[in-house]
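Report on one structure; see the data block that follows.
Here is how names work: the chains are called A, B, and so on, in the same order as the sequence lines, proteins then strands, and each is numbered from 1.
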Amino acid sequence: MASQAQPQPVATASDIRLYTMLASVPAGRVVTYGQLAELVGFPRRARWVGQILRNLPDGSSLPWHRVINARGQISLPPEDGGQRQAELLRAEGVMVTPDGRVNLADFRWRP
DNA sequence: ACATTGACGCCCA
DNA sequence: GTGGGCGCCAATG
């Protein structure tokens, strides 16, 4: 039988490209929002990347925590996921300072 | 259609 | 190094 229509965001082709690119970021490395956008062919769309990540379901297998901003900082407020993100990164060997910063020169992923 | 809102980024003080 | 201002762009109200 047909299931009820749920208010679920439609994944566009561009969204899929982003998911795929994000999935290819290895553990222990990080990328920036802008970098990710550029890698999938959409320069200047860093905010779009942030929007996609924000809408990810909680149980997603995507490594959303490997995405930080161009200043090398975790963009999420600590109380709203930022702390969790820092823990996940440290767990895979990324050095994160107590105030949520990562040295991009050391940990940025380059495809 | 217009205004506001962001998991952003670059420039400059 | 840090913060504020402004630009950018899609999503929302």
Nucleotide interval of DNA chain C bounded by contacts with chain A (heavy-atom cut-off, under 4.0 Å):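 Contact boundaries, 5' end first: dT2(C) to dA11(C).
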Could you tell me if the side chain of Pro111(A) sits less than 4.5 Å from the side chain of Leu39(A), heavy atoms only?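 Yes - at least one pair of side-chain heavy atoms lies under 4.5 Å apart.
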With side chains defined as the heavy atoms from C-beta onward, is the minimum distance between Leu53(A) and Leu62(A) less than 4.5 Å?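 Result no, sub-4.5 Å side-chain heavy-atom pair not found.
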Summarise protein proximity over nucleotides 4-13 of chain B in one line of letters, 5' to 3': B for base, S for sugar-phosphate only, - for none, counting protein heavy atoms closer than 4.0 Å. --BBBSSB--
Taking atom types as modelled, is there a side-chain donor on His65(A) or Glu87(A) under 3.5 Å from an acceptor on the other?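 No.
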In terms of side-chain heavy atoms, does Arg108(A) have a donor or acceptor partner in Gln35(A) at a distance below 3.5 Å?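 On atom types as modelled, these side chains qualify, holding a pair under 3.5 Å.
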Tell me, with the steps shown, if Trp109(A) and Arg66(A) meet side-chain contact (heavy atoms from CB on, under 4.5 Å). CA-CA 10 Å; Trp109(A) 175 59; Arg66(A) 295 180 192 142; over 6 Å; no
Does this structure show an ion pair linking Arg54(A) with Asp80(A), if we count only N-O contacts that are shorter than 4.0 Å?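 Between Asp80(A) and Arg54(A) there is a salt bridge, with a charged N closer than 4.0 Å to a carboxylate O.
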Please name all residues satisfying side chain to side chain contact (heavy atoms under 4.5 Å, CB included) with Thr12(A), sequence neighbours left out, ordered by chain then number.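 Expected list: Ser14(A), Asp15(A).
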